[in-house]
Amino acid sequence: MENIAPAISAPSGMGENKPSNQAVLDWVHEVESLTKPANIFWCDGSEAENNFLLEEACRQGILIKLNPEKRPGCYLHRSNPNDVARVEQFTLICTPSKEGAGPTNHWAEPAETYRKLQEMLKGAMRDRTMFVVPYVMGPPDSPLAKIGYEITDSIYVVLSMRIMTRMGRQASAKLGDDPKAEFNRGVHSLLDVNPERRWICHFPQDNTIISVGSGYGGNVLLSKKCLALRIASYLANKQGWLAEHMLILGVESPEGKKHYVAAAFPSACGKTNFAMLIPPKHFAGWKITTIGDDIAWMEIGDDGRLYAVNPENGYFGVVPGTSYKSNPNAMRSIERDTLFTNVALTNDGDVWWEGKDGAAPDAAFDWKGNPWTPASKEKAAHPNSRFATPMRNNPVLDLEVEDPAGVPISAIIFGGRRSDTMPLVFQAHDWNHGVYIGATMASETTAAATGAVGQVRRDPMAMLPFCGYNIGDYFRHWLETGKRLTSPPLIFHVNWFRKDATGKFLWPGFGDNMRVLKWIIDRCEGRGGAEKSPIGYLPRATELDLEDLEGISSEGLKELLAVKPNEWSKELAAQKAFFQSLQPNVPPELLAQEEEVERRFR
Ligand code: OXD
Ligand code: MN
């Protein structure tokens, strides 16, 4: 078998950051005995180490260095074409009982799964280097911060983890010497990148993740979906906090009044764009700042409010469609020090993707490395091509991003990609109604996971692929959290994606989403008007600030805000069927909410 990750030999003094914690050393030794690597590289997260590994990755053809004049510090990685997205069907939650994983997860018996994985990992790192990557998730002094170690045979993973997490010496220092101190054990091996031997396995009760057979970010950057969502949601349920698939943004008025908002949209539905939004001209003086673009860890503060931190240190965003028009702050973020995966390479050593500003290049290499021209049938960039960029590149990074206490959340927004049914925005009557709205939320599937694209599926709180335990218990945990919040955030639902009869989007989205956000903030301040509808409070057209908004007729606006009984009778039937598919796990409070909505439509 071809060795796709040949061992590297580090100069002396490098790769020697061995931690002192005996529990880490024992576990690494165990994995070494099983996988039989040629050598071990103990990462320290330093600049020198990063430079060495970047050079090594280029030498091995794992990365292509981009033109430093055009994209300083940037590299392109091409993944195996069979390995371009998360694989939900091969993602397992291995709790002791099937019930623990619940009806929405693929479950496997832990002992048996460990055995199968051990079989696959036997000698898997022969002639490869085993990297040991220590990292911290969350502002290091936050009570929510978590330490993880990822063992991997992929340099690309190491380089990406350095962008996406607080990686290196500080993690081992924070863990200290206590062999009982808690840390996440993550083992990753590319094996032979074979879809038939690809498994992303979680053992929440052991704080352990084992991922084999993939090199795609969402499957292998174990800090992200695996630890910060699946394992963290399990821990959060036990420990009384929330781990959510949410962006966190700050919104400051011209008078200097600031709110923070968290929003759960499914993968590739615009979280990064919303988190970095630039308000339209009419909103001069309003500022949006980013705390996080994908994951929020939240706990209740002494004042009874919900406080959020971003566990990550970088952004792993979808590239196609990103432009100076749609998201100037993301474009500025990826001008330097960025790892691109599966975008096109231009002849002058820059990158290109569908939806980038300006004309397509006359010729380029597509994401597979094949010659490409605008006449080619294939896309130049894969629809799920990605950037990994440090959050500090973001020109609108919020100053409180390192605050160990987190930022207070005024509003929670749920949202999906829906061509019909869902109005532009509505507000829940109260916390339990909001939990119901989140629990029944749905969205059209995207290229972020393998499988059909564009099909409406229920994706509760955007956590369907990421909840590490029984979804019924997860709903219950949300309901219990509401009881403990004396000043809960208000809850909203948005839909930027409603279409007219000709299939055209009704709402311009992007910066103009500020208009919806402004109404949400007004509601938080007890100001904005609304009318009661069977599904919640909706703004009247006059209650949204639409000044200077072009290209939207009063008919279009009516359609955007419409709650159509014929669409809602289908929607309620689908919501009911979804809850039925989860039974007997659905909390009675949510079934009562369902009945209430039905009653309000009668
Ligand atoms: C992501 C995802 O990569 O949700 O953030 O798939
Ligand atoms: Mn995500």
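Order of appearance sets the numbers: ligands from 1, and atoms from 1 within every ligand. Since the model is a prediction, treat every value here as computed from it, not as a measurement.
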Tell me whether the NZ or CZ atom of [X] lies within the 45° cone about the ring axis of [Y] and under 6.0 Å from its centre.
X    : Y    : result
K499 : F497 : no
R230 : F466 : no
K65  : Y75  : no

Validation row: [X], [Y] side chains within 4.5 angstrom (heavy atoms):
X    : Y    : value
V261 : I521 : yes
F414 : F492 : no
T389 : F316 : no

Which of the atoms of ligand 1 are close to D294, meaning less than 4.0 Å from one of its heavy atoms? 5 (O)
Could you tell me which atoms of ligand 1, counted from 1 in the order shown, lie closer than 4.0 angstrom to a heavy atom of H245? 4 (O)
Tell me which protein heavy atom sits closest to [atom], plus the residue, atom name and distance to 0.1 Å.
atom                   : result
atom 5 (O) of ligand 1 : K225 NZ, 2.9 Å
atom 3 (O) of ligand 1 : R386 NH1, 2.9 Å
atom 4 (O) of ligand 1 : S267 OG, 2.4 Å
atom 6 (O) of ligand 1 : R86 NE, 2.9 Å

Assess K271 for proximity to ligand 1: is some non-hydrogen atom of it under 4.0 Å away? no
Is the distance between the ring centroids of F183 and Y149 less than 6.0 Å? yes
Hey, is the Mn ion (ligand 2) within less than 2.8 Å of some N/O/S atom on A448? no
So which of the N, O or S atoms of H245 lies nearest the Mn ion (ligand 2)? NE2
Only N/O/S atoms count here: what is the atom of D294 closest to the Mn ion (ligand 2) called? OD1
If we check ring-ring contact (aromatic ring centres under 6.0 Å, His included) with H77, which of these qualifies: Y156, Y216, W367? Y156
Given that the side chain starts at C-beta and the backbone is N, CA, C, O, which of these parts of F466 lies under 4.0 Å from ligand 1, counting heavy atoms, or is it both or neither? side chain
